[in-house]
Asks: 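Below is a structure I'd like to ask you about.
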Amino acid sequence: MKKQEEKTKNICLLKKDGFTLYLVKEGDSFTDIKNGDISILPEELIAKRKNGDNISADIENYAHKLKRQEYGKKLNYQVENLLFLTGAGSSYLFGENGKKGKLMCNLWDDAVVLLGGKQNMDVFCEKVKYSDKDEKNEYKKNLEKVLSLAEKAKDYITETIFTTEKENENTEWNIAYVITEIKKMIKENCNLQITSSESSSVHEKFLNKITKRKSSIARVKLFTLNYDTLFEQAARKGNYTIIDGFSFSIPRIFSGRHFDYDIVIRDGSRIKNEDNFVPRVFHLYKPHGSVDWEKRGNNVYQNRAEEISVENSLMIFPQENKYEHSYEQPFFEMMTRFQAALRMKNTTLVVIGFSFGDKHILSMINEALEQNPSFQLIIVNYRDTGIMESDMFYKETGERGNMMMVNETFTEFVDAYPNIKIYDQSDEYRLVKIVNEGN
C-alpha cells in the first residue's frame with residue numbers, strides 16, 4: 001500500500017481561490033483530475049475507462065484544457081492596464097546557432113568551464129567564503145551569491161588564486177579577474193539571436209496577441225528582467241513600434257520622457273481621438289538593463305552588443321546588491337515606472353518565468369496586492385512536478401480572489417493566450433508592410 005502511495009503524484013496545474021487543479025499520475029499513467037481532494041473527471045472519460053480504454057492521454061489533455069479555460073477567462077477581457085513581467089522563462093532555450101537562452105544554474109556550469117574546471121571553481125568559492133552546499137557536499141549553483149561575496153572580497157584578496165594553461169600560455173586568475181571574466185561570459189551568453197521566422201515565431205505571436213487592444217485604453221506595458229533582445233528582434237520582424245525610453249533618432253539616447261510619448265496618425269478627418277492611435281505599439285522596460293545599452297559620459301546609448309565592453313555595459317549582473325543599482329539611471333526610471341503602473345486602477349500583472357528572487361520587485365508587487373483593490377496578479381511558471389506549496393504566493397493565492405498561479409511554459413502560454421480577433425489590426429499591418437516594401 002505504501003509503495004502504491006509513493007507512486008501516486010498530484011501535479012498542481014492551477015491554483016486560485018476556491019479551485020486547485022490537480023492532474024493525478026500513478027506510475028507512467030494519468031488516472032484522475034481533482035479540485036483539491038474531489039475528483040472532477042468528466043462522465044465521458046469515466047465511461048471510456050469502464051469500457052477498458054486507455055484514457056491517460058485523454059485525462060492529461062482534458063486537465064490542460066480546464067487549466068487554459070480558467071486563465072483564458074481572466075485574459076479574455078480588455079483590462080484597462082495590462083502589464084507583463086518576464087524572467088528567464090521567456091528566453092530559456094530560445095536562440096540560434098547553438099546559443100540558447102539559459103537559466104542561472106546553466107550559467108554556473110559555464111562558469112566552471114570558463115575557470116578551467118570544478119577544482120578551480122571550488123577554490124574560488126572557498127576564497128570568497130561561499131559555503132552553501134547540498135547533501136552531496138557539492139556547492140549549490142547560486143552564481144548570484146558567489147558574485148556578491150566576490151565583489152566584497154576582491155579589494156582585500158588581490159593575489160592569484162589559481163592558474164590555467166591554454167595553448168601553452170598561462171593565465172593567472174585573481175578574484176577581480178574572475179568576476180570580470182564571468183561577467184563577460186554572461187553578457188556573451190545573453191546576446192541571443194532569433195533571425196529566422198521559425199526561431200522568432202513564439203515571441204512574435206506573443207506580441208501579436210497582447211497588442212490586440214482597444215485603442216481607447218492604455219498601451220500594453222512589457223517589463224522584462226532579461227538582458228537579451230528577443231522581444232526587440234521579434235518586434236522588428238513583426239513591424240511593431242517599441243516605446244522603450246530611447247529616442248527615435250540616431251544615435252538612440254535614453255531619456256525617461258520618451259515613455260510619455262505615443263504614436264498617432266495626424267488625420268483631421270477622424271472624429272474619435274482613439275482612432276488616431278497607431279496600432280502595433282507597446283512599451284518595453286528593462287529594469288536590469290540590456291546587452292545593447294552602453295554608458296558614455298552622462299548618457300545612455302543603444303548600440304550593437306558586440307561593440308560594448310563589459311566595463312561600459314549597462315547590465316545589473318547577478319548579485320545580491322541589485323537593489324542598490326536600481327537607484328541609478330536608467331534603472332531607477334524603469335523601477336519607478338513599474339511601481340507607478342502597479343498603483344493604477346484596474347491593473348492586471350501577468351508574471352512569466354520569474355522566481356521572485358528580486359526583493360525590490362517583490363516588495364512592489366506585495367504593495368500592489370495590499371493597497372490596490374482593483375489589482376489582479378497571474379503567475380505563470382513551469383515545473384515538471386507542478387506548482388508547489390513552497391512557491392512564492394502559494395498560500396495567498398488560495399485566500400485571495402485576485403490571484404492565480406499557472407503551471408505552464410512560455411510557449412504553451414503564448415499558444416493558449418486568447419486571440420481577441422475583434423481588435424485584430426492585421427489588415428492595417430498588411431497595408432503598412434505593402435507600402436514599406438513598395439518603397
Asks: Salt bridge between D384 and K9, side-chain N to carboxylate O under 4.0 Å?
Replies: no
Asks: Less than 4.0 Å between a side-chain N and a carboxylate O, is that true for E188 and K99?
Replies: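 Salt bridge between K99 and E188, a charged N being under 4.0 Å from a carboxylate O: yes.
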Asks: Side chains of T229 and K286: closer than 4.5 Å at any heavy-atom pair?
Replies: yes
Asks: May I ask you to decide whether E367 forms a salt bridge with R343, counting only side-chain N to carboxylate O separations under 4.0 Å?
Replies: yes
Asks: So, T336 side chain and F332 main chain: donor-acceptor pair closer than 3.5 Å or not?
Replies: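 The answer is yes, because a donor-acceptor pair under 3.5 Å joins these two groups.
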Asks: Does a side-chain N-to-carboxylate-O contact under 4.0 Å join D109 and K102?
Replies: no
Asks: Any donor-acceptor pair under 3.5 Å linking the side chain of K221 with the backbone of F282?
Replies: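 Between the backbone of F282 and the side chain of K221 there is no qualifying donor-acceptor contact (under 3.5 Å).
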Asks: Check the pair K118, E138 against salt bridge (Lys or Arg N to Asp or Glu O under 4.0 Å), reporting the backbone distance first and the verdict last.
Replies: CA-CA 10 Å; K118 181 178 176 299; E138 299 287 349; 3.2 Å; yes
Asks: Looking at R236 and E232, does any basic side-chain N land under 4.0 Å from a carboxylate oxygen?
Replies: no
Asks: With rounding to the nearest 0.5 Å, note down the distance linking CD1 in I378 to CD in E408.
Replies: 12.5 Å
Asks: Test ring-ring contact (aromatic ring centres under 6.0 Å, His included) on Y261 and F259; report intermediate values, then the result.
Replies: CA-CA 5 Å; Y261 295 174; F259 284 121; 9.9 Å; no
Asks: Run the salt bridge (charged side-chain N to carboxylate O under 4.0 Å, His left out) test against E151 and tell me which residues pass, sequence neighbours left out.
Replies: K154, K183
Asks: Salt bridge check: are R68 and E70 linked by an N-O gap of less than 4.0 Å?
Replies: no
Asks: Take H288 and F331 through the test ring-ring contact (aromatic ring centres under 6.0 Å, His included) and record every step on the way to the result.
Replies: CA-CA 7 Å; H288 285 175; F331 311 115; 8.1 Å; no
Asks: Are E80 and R213 close enough for a salt bridge, meaning some N to O gap below 4.0 Å?
Replies: no
Asks: Looking at W173 and T171, what are the two nearest heavy atoms and their distance?
Replies: CD1-O, 3.2 Å
Asks: So L14 and N407, do their side chains get closer than 4.5 Å, heavy atoms only?
Replies: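 The answer is no, as the side chains (C-beta and beyond) never meet within the 4.5 Å cut-off.
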Asks: Salt-bridge test for E306 and R304: reply yes if a basic N is under 4.0 Å from a carboxylate O, no otherwise.
Replies: yes
